[in-house]
2 protein chains.
Amino acid sequence: MTRPEPRSAAYAAGPPTLADVAELAHVSRQTVSNALNNPDLLRPDTLERVQAAIAALGYTPNRAARNLRTRASHLIGMRFTPAQEGTANATMDRFVHSLVEASREAGYHVLLFAGHGGDALEGYDDLLRSTAVDAFVVTDTYLGNPQATWLEERGAPFVAFGRPWDQPEATHPWVDVDGAAGARMATEHLLAAGHERVAWIGWRKDSTIGEDRRSGWSGAMRDAGLPTTGLASRVEDTVASGAQAAAVLLDEARPSGFVCASDTLAMGVLHALGERGLAPGRDVAVVGFDDSQVAQVIPGGLTSVRQPLEQVAVEIVTALSGLLSHPPAPGPNTLLAPTLALRGTA
Amino acid sequence: MTRPEPRSAAYAAGPPTLADVAELAHVSRQTVSNALNNPDLLRPDTLERVQAAIAALGYTPNRAARNLRTRASHLIGMRFTPAQEGTANATMDRFVHSLVEASREAGYHVLLFAGHGGDALEGYDDLLRSTAVDAFVVTDTYLGNPQATWLEERGAPFVAFGRPWDQPEATHPWVDVDGAAGARMATEHLLAAGHERVAWIGWRKDSTIGEDRRSGWSGAMRDAGLPTTGLASRVEDTVASGAQAAAVLLDEARPSGFVCASDTLAMGVLHALGERGLAPGRDVAVVGFDDSQVAQVIPGGLTSVRQPLEQVAVEIVTALSGLLSHPPAPGPNTLLAPTLALRGTA
DNA sequence: GTGAAAGCGCTAACAA
DNA sequence: TTGTTAGCGCTTTCAC
């Protein structure tokens, strides 16, 4: 004890420390620490006295000191990429909030960092080497990016939102949403409503996640004994591309319904329908993907596949907790089923 | 120096420490520290040798240790509230990313926390007392919430996104967007296009921010010598409310244009127009507020007032840096002008 | 310009 | 059950 006089809350030059609590409760610093971390070790009356002192001073352990000692920050790092302008993609907002909430319940906070221009890895490297975070949540695995591999090589704990499509040798934990099941659900919904010519507008072939969703559509069509030839289009994820693809399909294949890989593409379809005076939902059915705000607020609403992001976040934090426990207890990877948000277009 | 043998990067049991670098460069630990924090103090050749060692080991200072010593975390805390489902409000996503980016340039990271159910203050209190963050960014001042006052009482450094409308005695730094100027800009745009009966659909009167925006509309109308009687409506921020308000106004006041306090309300107007077979932009002009994804992707696009969130973030971080420097240098509060994103509806 | 010593606030190991 | 000792990795005096 080097500090000459203890600081009361009223005269605090800074937040109270363990020593202040100890002095007030007439115990040693270690006993206060135990009261916090191993309350079972204390005699009930001592514990009570210490807790009273803690409450009286409004004491909360200093994070930096605790982090230094325990070699843990209780921080989860995540690279935050904003929704692209001009698209309807908006899963991030919902996911981040879910992650923050789920992390809190597990005693963690979420630290955001940006991809430093070209080098996405730099942010990870910095945080890792400075031991600023305990683990990462990697969200953009679908880009075929090297982050997962890179982190795995370094033995950095992380959980991916998204399966390691391109890395069959990957062994890291992941949580994902079954996109194929989502597209199948959407397609079967249209088939059940009597549609027979259901078209697909998806992403370019190099998008594994897009191909996965597409397989849900083609599988459902095949299972129903319906042809798919000429009914599919692979384009960029923009409204204009969706509109253009829809126009071509309407001319050449006369579909009565569209299932799309994204709400952005679905908006393109609505655009194309509008230009032909066709009413979405009545003349032609449309289903999007992601249940974005756009799907929710456009007149009539856009039927869309909704990812259970809250559940994804919970599973990710569970996996993370397992990973960070001693000894590490990697849980099973989980594949969650999406739901279909029914609205006016289907 | 208690560690028996230095750890090379190859045999690292953990990340290298200052001592490892010192040993490799044949200098003392303090010299390495100086090389990092006060390079001017070193002789060029020593500096070079130390830097080589740092690079060789891939050394990055341990955050927890540095934080403990310097009593700073280089973390900025922010309460993250997700966009409400069923609305078009989506400023958070863009703002958070801008903040992360601006913070990075100033050497900070962003730590997110959730409002613990009812008690929004709890999250702030925890982080503050555990000295987990250096400062806060407070975004939801418009709710008339007590956070700003609460933080100010405790002398906690923070910058608000939003003026302290309800607290005239507040002296904390803030950055805001001039909502009145935005609504005025939108209104004047319609007036310049020949509209004379421009209606306003805004929020309830207890929303100061809503009243501010409304004043931009009414001011522009007054300046143009036009009447506003019967041309305004105050409703809840939902699509349904917007649609209902638009329907009433169309029946009773025959406006040729609408300016709305949000894109959500503007979508309601589009809804109402659609039901009457009126074409947005051609028959009736509509302007929203926030330039959400919805505004960007609906067929034809929704003209909307766009907040300069990137700039807001930069100003906030600037203010924060001033606040956290020694001695604190509070900058001037800044009020930024929005722009008008012109699209099909106006 | 460089090195030695001290200590930030906490917790792990051990002693009493 | 409680207290003592040591030290996490870093930076800040202060000698040299």
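Just so it is clear, the model here is predicted, and its values are computed rather than measured. Protein chains get the first letters and strands the later ones, always in sequence-line order, with residue 1 at the start of each. Side-chain atoms are counted along with the backbone in the values below, which use heavy atoms only and exclude waters and symmetry mates.
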Closest to side chain of [X], choosing from [options]:
{"X": "A/Asn34", "options": "D/dT12, D/dT2, D/dT4", "answer": "D/dT2"}
{"X": "A/Tyr59", "options": "C/dC10, D/dG3, C/dC8", "answer": "C/dC10"}
{"X": "A/Arg71", "options": "D/dG7, D/dT11, D/dG9", "answer": "D/dG9"}
{"X": "A/Ser28", "options": "D/dG3, C/dT11, C/dA6", "answer": "D/dG3"}
{"X": "A/Thr31", "options": "D/dC8, D/dT2, D/dC10", "answer": "D/dT2"}
{"X": "A/Thr70", "options": "C/dC10, C/dA12, D/dG3", "answer": "C/dA12"}
{"X": "A/Arg29", "options": "C/dG9, C/dT11, D/dT12", "answer": "C/dT11"}

Worksheet item: Please, which pairs that meet salt bridge (charged side-chain N to carboxylate O under 4.0 Å, His left out) have at least one residue in residues 31-55 of chain A, sequence neighbours excluded?
Response: A/Arg43-A/Asp45
Round to the nearest Å and state the distance from [X] atom [atom1] to [N] atom [atom2].
{"X": "A/Asn62", "N": "C/dG9", "atom1": "CG", "atom2": "C1'", "answer": "6 Å"}
{"X": "A/His26", "N": "D/dG3", "atom1": "NE2", "atom2": "C1'", "answer": "16 Å"}
{"X": "A/Gln30", "N": "C/dG9", "atom1": "CD", "atom2": "C1'", "answer": "12 Å"}
{"X": "B/Leu18", "N": "D/dG7", "atom1": "CG", "atom2": "P", "answer": "18 Å"}
{"X": "B/Arg66", "N": "D/dG9", "atom1": "CZ", "atom2": "P", "answer": "15 Å"}
{"X": "B/His74", "N": "D/dC10", "atom1": "NE2", "atom2": "P", "answer": "14 Å"}
{"X": "A/Leu68", "N": "D/dC8", "atom1": "CG", "atom2": "C1'", "answer": "4 Å"}

Item to complete: Look at the aromatic rings of A/Phe95 and A/Phe161 and report parallel, tilted or perpendicular, splitting at 30° and 60°.
Response: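 Because their plane-to-plane angle lies in the 30° to 60° range, the rings of A/Phe95 and A/Phe161 count as tilted.
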Is it true that the side chains of [X] and [Y] contain a donor and an acceptor less than 3.5 Å apart?
{"X": "A/Ser73", "Y": "A/Asn67", "value": "no"}
{"X": "A/Ser28", "Y": "A/Thr31", "value": "yes"}
{"X": "A/Gln30", "Y": "A/Asn34", "value": "yes"}
{"X": "A/Asn62", "Y": "B/Arg71", "value": "no"}

Under the rule for ring pair (Phe, Tyr, Trp, His ring centres under 6.0 Å), what residues qualify as partners of [X], not counting sequence neighbours?
{"X": "A/His74", "answer": "A/Tyr108"}
{"X": "A/Tyr59", "answer": "none"}
{"X": "A/Phe80", "answer": "none"}

Fill in: Of residues 36-55 of chain A, the positions that come close to DNA chain C - non-hydrogen atoms, cut-off under 4.0 Å
A/Asn37
Response to the item:
Taking five pairs at each terminus, the helix from C/dG1-D/dC16 to C/dA16-D/dT1 shows an axis bend, to 10°, of 40°
